[in-house]
Number of protein chains: 2
Amino acid sequence: MTDTKQRIFDAAERLIAAQGYSATSLRQIIAEAGVNLASVHYHFGSKEELLDELIHRKADLVNRKRLELLERAKAAAGPAPVPLVAILEAFLLPVAEVATADPQFVQVMGRVIGEGLMPQIVGKYFRAVGERFFPEIRRSVPELTDEEFGWRRHFLIGAMCHTLYGHSEAQGDFETRIGYLIRFLAAGFEAPAVKPAEVNA
Amino acid sequence: MTDTKQRIFDAAERLIAAQGYSATSLRQIIAEAGVNLASVHYHFGSKEELLDELIHRKADLVNRKRLELLERAKAAAGPAPVPLVAILEAFLLPVAEVATADPQFVQVMGRVIGEGLMPQIVGKYFRAVGERFFPEIRRSVPELTDEEFGWRRHFLIGAMCHTLYGHSEAQGDFETRIGYLIRFLAAGFEAPAVKPAEVNA
DNA sequence: GTCTATACTGAGATAGAC
DNA sequence: GTCTATCTCAGTATAGAC
């Protein structure tokens, strides 16, 4: 990657993490990076594609770790359903790990999710991983209807985003926070169904 | 309220509900309302203050109902702690009620929360109600440390926002959805503490 | 291939005439 | 109260230097 592109990248990450995406103008970014305005469009095409690349790298890092942990948990479980807590750990611990190593990651993600720029970007970079994880969770709560399971999945995503990516005041240790979250979510998923699924004959 | 102001108000609500706040320009709003650009600034001061007024009314409606239900639940409980489910119902059912009667409410709120415009607005219109509710919830889970309780509160808010206000595809009946959410949250709050609080002598 | 200079359109905001 | 005209700054596009 050329020096100019890298400097745009770094400046954009720093500024978006600190101020948010909409609040950060390309002119701010190029001032901080010490490059020309048009070079952003030369290297990235548009402001949105710059953001896309930013998310892309971060997301890939987390997603690889997630799938790795999931495979390990599946191997350990054998034919039995993977324990719910193990699935949740595989999904959430990688986020804590990356967040601890690179705090800007959480901030950028938080900004972008928060600003509602995600319908497409989330789809592009996170849907595939979700489709690997949720069927596993589904196996461990077979007594739920599909409808109720779908909503519990929403609750998980909501709690996770708000907690990890939320522009929260108190930060604290990510590992601890994730530990609390996993306990909370596991209990929520294992709660008796409001409308239990019909048991098949 | 003057006719012009009301028309701006209505057009803004419709457009923001449908497209989001950032994606809706004042010029779109005035075109739909059939008024002059400067009249927006005359009546509201700025685009952001227009949004603020929009949220203000919606929020007040929900918050009044919330506090009413909470008082009723407290009266029914007497000196005993209010049952957790009753507190959650008092907090969440009013949202479903308003959402059913006026679907644009949920959409506008969803947009605004999603777009991260809320640090101030949430504080202005929702913090006070939160400070009435969370001490009640706290009483029903005394075995948690303050730290862990604080995070569970975050999980609740995250799940709620993502579920109610989330730009979700599947909508479905709000009452049902809230029922699922309450079950999930109650179980999460009542899960054993990761780090139990020291028991006082 | 890479970067600079500059121009274009549309955003929110504002001053002042009426 | 309302409207016109105008300001600043945003993202974007492109012509042309190197």
Side-chain angles (χ1 to χ4, degrees), chain A residues 1-57 108 111-121 124, chain B residues 1-57 108 111-121 124:
Chain A
M1 178 154 43
T2 150
D3 184 58
T4 299
K5 186 170 182 180
Q6 184 65 50
R7 285 168 63 180
I8 295 170
F9 215 86
D10 292 345
E13 181 170 18
R14 219 169 332 153
L15 288 168
I16 293 174
Q19 309 175 343
Y21 173 78
S22 326
T24 302
S25 70
L26 289 181
R27 285 166 169 88
Q28 261 187 299
I29 293 172
I30 60 146
E32 176 126 345
V35 301
N36 184 275
L37 177 59
S39 62
V40 176
H41 292 92
Y42 174 76
H43 286 288
F44 297 96
S46 70
K47 189 187 179 190
E48 200 175 330
E49 286 169 284
L50 166 58
L51 177 69
D52 192 289
E53 259 200 58
L54 223 59
I55 302 294
H56 184 35
R57 312 194 164 197
V108 170
R111 296 296 188 172
V112 172
I113 291 183
E115 289 174 67
L117 309 157
M118 287 257 104
Q120 321 93 329
I121 300 183
K124 259 170 89 175
Chain B
M1 178 153 45
T2 148
D3 184 55
T4 300
K5 186 170 182 181
Q6 184 65 52
R7 287 168 62 180
I8 296 170
F9 214 86
D10 291 347
E13 180 170 17
R14 219 167 333 150
L15 287 168
I16 293 174
Q19 309 175 343
Y21 173 78
S22 326
T24 301
S25 70
L26 289 182
R27 285 167 170 85
Q28 260 187 300
I29 294 172
I30 60 148
E32 177 125 345
V35 301
N36 185 275
L37 176 58
S39 63
V40 176
H41 293 92
Y42 174 76
H43 285 289
F44 296 96
S46 70
K47 190 188 178 190
E48 201 175 328
E49 287 169 285
L50 166 57
L51 177 68
D52 191 290
E53 258 200 58
L54 223 58
I55 302 295
H56 184 35
R57 311 195 163 195
V108 170
R111 296 296 188 174
V112 172
I113 291 183
E115 288 174 67
L117 309 157
M118 286 258 103
Q120 320 94 328
I121 300 182
K124 260 170 89 174

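The sequence lines fix the lettering, A, B, ..., with proteins before strands; numbering per chain opens at 1.
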With a 3.5 Å distance limit and no angle check, can you tell me whether B:Lys124 reaches the backbone of B:His56 through a side-chain donor-acceptor pair?
no

Taking only the side-chain nitrogens and oxygens of A:Thr2, find out if one of them lies under 4.0 Å from OP1 or OP2 of C:dG1.
no

A:Ile29 CD1 - D:dT12 P separation (whole Å):
11 Å

Let's see if you can work this out: which of D:dG1, C:dA13, C:dA15 has an atom nearest to the side-chain heavy atoms of B:Ala38?
C:dA15

What does B:Thr24 touch in the nucleic acid at a heavy-atom separation under 4.0 angstrom: a base, only the sugar-phosphate, or nothing?
sugar-phosphate

Are B:Asp3 and B:Arg7 ion-paired here, with the side-chain N under 4.0 Å from a carboxylate O?
yes

For a quick test of reading the model, state the closest non-hydrogen atom pair linking B:Val108 to B:Leu54 and the distance between them.
CG1-CD2, 4.3 Å

Between C:dT2 atom P and A:Ile8 atom CD1, what is the distance in whole Å?
12 Å

Within the pair A:Tyr42 and C:dT2, is there a side-chain N or O less than 4.0 Å away from OP1 or OP2?
yes

Distance check needed: D:dA15 P versus A:Leu37 CG, whole Å only.
16 Å

Please check the phosphate of D:dT2 (OP1 and OP2 only) for any side-chain N or O of B:Ser39 closer than 4.0 Å.
no

Mind calculating the distance between NZ (B:Lys47) and P (C:dT14) to the nearest angstrom?
15 Å

I'd like to know if B:Arg57 pairs up with B:Glu13 as an ion pair, taking the criterion as any Lys NZ or Arg NE/NH1/NH2 lying under 4.0 Å from an Asp or Glu carboxylate oxygen.
no

May I have the distance from B:Lys5 (atom NZ) to D:dC3 (atom P), rounded to whole angstrom?
16 Å

Ignoring backbone atoms, test whether B:Ser25 places a side-chain nitrogen or oxygen under 4.0 Å from the OP1 or OP2 oxygen of C:dA11.
yes

Nucleotide C:dA11, atom P - distance to CG of B:Leu51 in whole Å:
18 Å

Taken to the nearest whole Å, CZ/B:Arg27 to P/C:dA13 is 10 Å

Can you tell which of C:dC3, D:dT12, D:dT2 lies closest to the side chain of A:His43?
C:dC3

To the nearest Å, give me how far apart CD (A:Gln28) and P (D:dA10) are.
8 Å

Is the shortest side-chain heavy-atom distance between A:Phe44 and A:Lys5 below 4.5 Å?
yes

Ignoring backbone atoms, establish whether B:His41 has a side-chain N or O less than 4.0 Å from OP1 or OP2 of C:dT14.
no

Please figure out whether B:Leu26 or A:Gly34 has its closest DNA chain C nucleotide nearer the 5' end.
A:Gly34

